[in-house]
There are 2 protein chains.
Amino acid sequence: MPDTVQTPYDPHAYPPFAVTVDVAVFTIRSETLRVLLIERGEEPYKGVWALPGGFVRPDEDLDSAAARELEEETGVTKRGAYLEQLQSYGTPERDPRMRVVTVAYWAVCANLALPKAGGDAIGADLVPVTEVEGGYVRLAFDHNEIVRDALERMRSKLEYTAVGAKFCPPEFTISELRRVYEAAWNMKLDPGNFHRNVRASGSFERLDPERLVERSKGGRPASLWALSEGLRSPRLPIAKRRRFDDDMDEP
Amino acid sequence: MPDTVQTPYDPHAYPPFAVTVDVAVFTIRSETLRVLLIERGEEPYKGVWALPGGFVRPDEDLDSAAARELEEETGVTKRGAYLEQLQSYGTPERDPRMRVVTVAYWAVCANLALPKAGGDAIGADLVPVTEVEGGYVRLAFDHNEIVRDALERMRSKLEYTAVGAKFCPPEFTISELRRVYEAAWNMKLDPGNFHRNVRASGSFERLDPERLVERSKGGRPASLWALSEGLRSPRLPIAKRRRFDDDMDEP
DNA sequence: TCTATTATTGTCAAATATACAAAATTTTAT
DNA sequence: ATAAAATTTTGTATATTTGACAATAATAGA
């Protein structure tokens, strides 16, 4: 810009920032979409629930820092999960200590073990996202906003990618996958139509002529399926987020 | 994590980072989608083309910093453009001077004036994105990657939001809007179907019984349209990115 | 006036989605 | 053992949406 005589800012004084990563880890437990929260053991916000996260190390990539935080809190390595950058948050007052910009990530894990407190956390839990979205759980910093944005991104990605499979173990039935969508979107989906969409998406493949029983409760045994290769974008959406009768919320 | 006796990292030593914003400003000029680039006047990468950007000031919001950079380089205020955060880039070696994390934004402007050099730029230009995507223009830092990601996000948002209208002046014809899509996706769209989709999207409204002529070349005069209110998500996609005969590239 | 050009509306067939029925194959209850 | 219920899977009829393209409208320019 046309810098006049008096420049209000010296571009050579790089203002010092701290940079952190925070990760919204989603999983499904007892038919409920949950987010991993830790209870902070240090000021600021000591004793308050927050997303797992921490400072990016001097020689560490942002993605690596997020993967490290993910593994520290869950024991799950990057290969066993889906991890994607969301966006950054950096209002000047978001951390009372100093100027901190956080790079937020979201992750999806299958069958997350009940987390143990560790590091600077005095507690940890898998909290139903309805409690966060409903405002019943107040999080530290701007983490309520981050969770809201992460949920929106995750729910939207379910429509046109195969990321939903990351909520399941490597081998899963189509009904198990459908229950992922039903928990994440809080709505019922038609089993027949969902089945057809999964097959047509081209993102999944049936495991040989196997059958699965164990999943109790009677009914015809289901075939096992797996992600066909990596996590490519499927040609067709797995499911559209539209209403299907039932007592659940509308989208 | 189960911190053992020897912790490999002291969490109280906040590693100092510099934080910048970089903005990929898109516009359309002579039927061509272009991105605003500046020629750096300072080391590193002096004389190399780069995205406009700069350091976030100590008391400045990230969005404000991006809006400031946008206005400094284009003279366009946030109200006249669309500005959205993309994501952050922070590999340790991306800036040879020091550890810099950049928060990338993308913006859409209508009728951008040919930019003047200013500040730490010795040149500026609106470069066709094909030259950047084709690898004919090598940008400073990781800005080639940022432009690629910004393009992908922008093109994808054209499908299900009304952001394309921001390439046009406040009042525009449906054909002008169609040419935005055609330039951005590098493909022809069927005029009739596009017209129907715009009307059905619910994101635009026709300006009273006005007509427009001036847009030379003969033909029936077109109605003027405008974004109906802010930039909400339309109920229906404006256009699907599928082929329509012609000599342009396939999607 | 006649032709070319662009805008707008309309039409029809193909593709897709939705609702729902039916068949297959198991567990659980009687 | 038999019946009933549950669950997966395939199929089908209808409605909706899309894509291709025709038809009409309204102008500029020759």
Side-chain angles (χ1 to χ4, degrees), chain A residues 31 159-160 168 171-182 185 187-202 204-225 234-246 250-251, chain B residues 31 159-160 168 171-182 185 187-202 204-207 209-225 234-246 248 250-251:
Chain A
E31 308 273 286
E159 290 193 68
Y160 60 96
C168 302
E171 305 184 351
F172 50 87
T173 70
I174 293 191
S175 295
E176 289 169 343
L177 185 60
R178 176 166 45 82
R179 276 176 220 113
V180 165
Y181 282 75
E182 293 178 337
W185 289 345
M187 65 193 302
K188 289 278 189 193
L189 297 172
D190 179 83
N193 293 337
F194 187 84
H195 200 280
R196 169 162 41 82
N197 291 337
V198 166
R199 298 178 56 130
S201 75
F204 309 92
E205 49 192 30
R206 199 176 215 141
L207 298 185
D208 273 344
E210 303 278 5
R211 292 287 181 174
L212 181 76
V213 184
E214 29 185 314
R215 330 284 214 234
S216 53
K217 291 302 178 198
R220 174 176 171 176
S223 295
L224 283 177
W225 293 69
R235 272 178 286 290
L236 294 175
I238 281 69
K240 292 291 190 57
R241 209 172 346 169
R242 304 199 184 149
R243 259 180 289 323
F244 175 68
D245 64 69
D246 212 274
E250 47 193 345
Chain B
E31 309 272 286
E159 291 193 66
Y160 60 95
C168 301
E171 305 184 351
F172 49 88
T173 69
I174 293 191
S175 294
E176 289 170 342
L177 184 60
R178 177 167 44 81
R179 277 177 218 112
V180 165
Y181 282 76
E182 293 178 337
W185 289 345
M187 65 192 304
K188 290 278 189 193
L189 297 172
D190 178 84
N193 293 336
F194 186 84
H195 201 280
R196 169 168 32 102
N197 290 338
V198 166
R199 297 176 57 129
S201 75
F204 308 92
E205 49 193 28
R206 197 175 216 142
L207 298 184
E210 304 277 6
R211 292 286 181 174
L212 180 75
V213 183
E214 28 184 316
R215 329 285 215 236
S216 56
K217 293 301 176 199
R220 174 177 172 175
S223 295
L224 283 178
W225 292 70
R235 272 180 286 292
L236 294 176
I238 281 68
K240 292 289 190 59
R241 207 171 348 168
R242 304 202 184 147
R243 258 180 288 327
F244 175 67
D245 64 69
D246 212 275
M248 301 182 103
E250 45 194 345

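Everything numeric here is computed off the predicted structure, so don't read it as measured data. Naming: A, B, ... by sequence-line order, numbering from 1 per chain. FYI, side chains are in, hydrogens and waters are out, and symmetry mates aren't considered; it's all heavy atoms of this structure.
Between A:R178 and D:dT8 there is a side-chain N or O to OP1 or OP2 distance below 4.0 Å. For B:S223, no side-chain nitrogen or oxygen approaches OP1 or OP2 of C:dA7 to under 4.0 Å. Listed pair A:R196 / D:dT12 fails the phosphate criterion, with no side-chain N or O lying under 4.0 Å from OP1 or OP2. When the side-chain nitrogen and oxygen atoms of A:S175 are compared with OP1 and OP2 of D:dT8, one or more of them lie within a distance under 4.0 Å.
If you take CZ of A:F194 and C1' of C:dT16, they are 17 Å apart, rounded to a whole angstrom. The separation between A:L189 atom CG and C:dC20 atom P is 15 Å, rounded to whole Å. Regarding A:I238, its CD1 atom lies at a distance of 15 Å from the C1' atom of C:dA17, rounded to whole Å. Spacing between atom CG of A:D190 and atom C1' of C:dT16 amounts to 15 Å, rounded to whole angstrom units. Distance, B:N193 CG to C:dA15 P: 16 Å, rounded to whole Å. The CZ-C1' distance, from B:R206 to C:dT9, rounds to 10 Å in whole Å. Separating the CD atom of A:E182 from the P atom of D:dT7 is a distance of 12 Å, rounded to the nearest angstrom.
In this structure, A:I174 and A:W225 have side chains that are in contact, with non-hydrogen atoms separated by less than 4.5 Å. Looking at B:Y181 and B:E159, their side chains never come closer than 4.5 Å, going by heavy atoms from C-beta outward. The shortest side-chain heavy-atom distance between A:F172 and A:R179 does not fall under the 4.5 Å cut-off. Contact annotation: the side chain of B:Y160 never approaches that of B:I238 to less than 4.5 Å [non-hydrogen atoms, C-beta and beyond].
When the nearest nucleotides of DNA chain D are assigned to A:R220 and A:H195 by heavy-atom distance, the more 5′-ward of the two goes with A:R220. Nucleotides of DNA chain D nearest to A:W225 and B:G192 differ in position, and the one nearer the 5' end is that of A:W225. Nearest-nucleotide mapping onto DNA chain C: of A:N197 and B:I174, the residue sitting toward the 5' end is B:I174.
The side chain of B:R179 approaches C:dA7 more closely than any other nucleotide in the set D:dT9, C:dA7, D:dC21. Closest to the side chain of A:R199, out of D:dA20, C:dT8, D:dT9, is D:dT9.
A donor-acceptor distance shorter than 3.5 angstrom exists from the side chain of A:E182 to the backbone of A:L189, with no hydrogens or angles considered.
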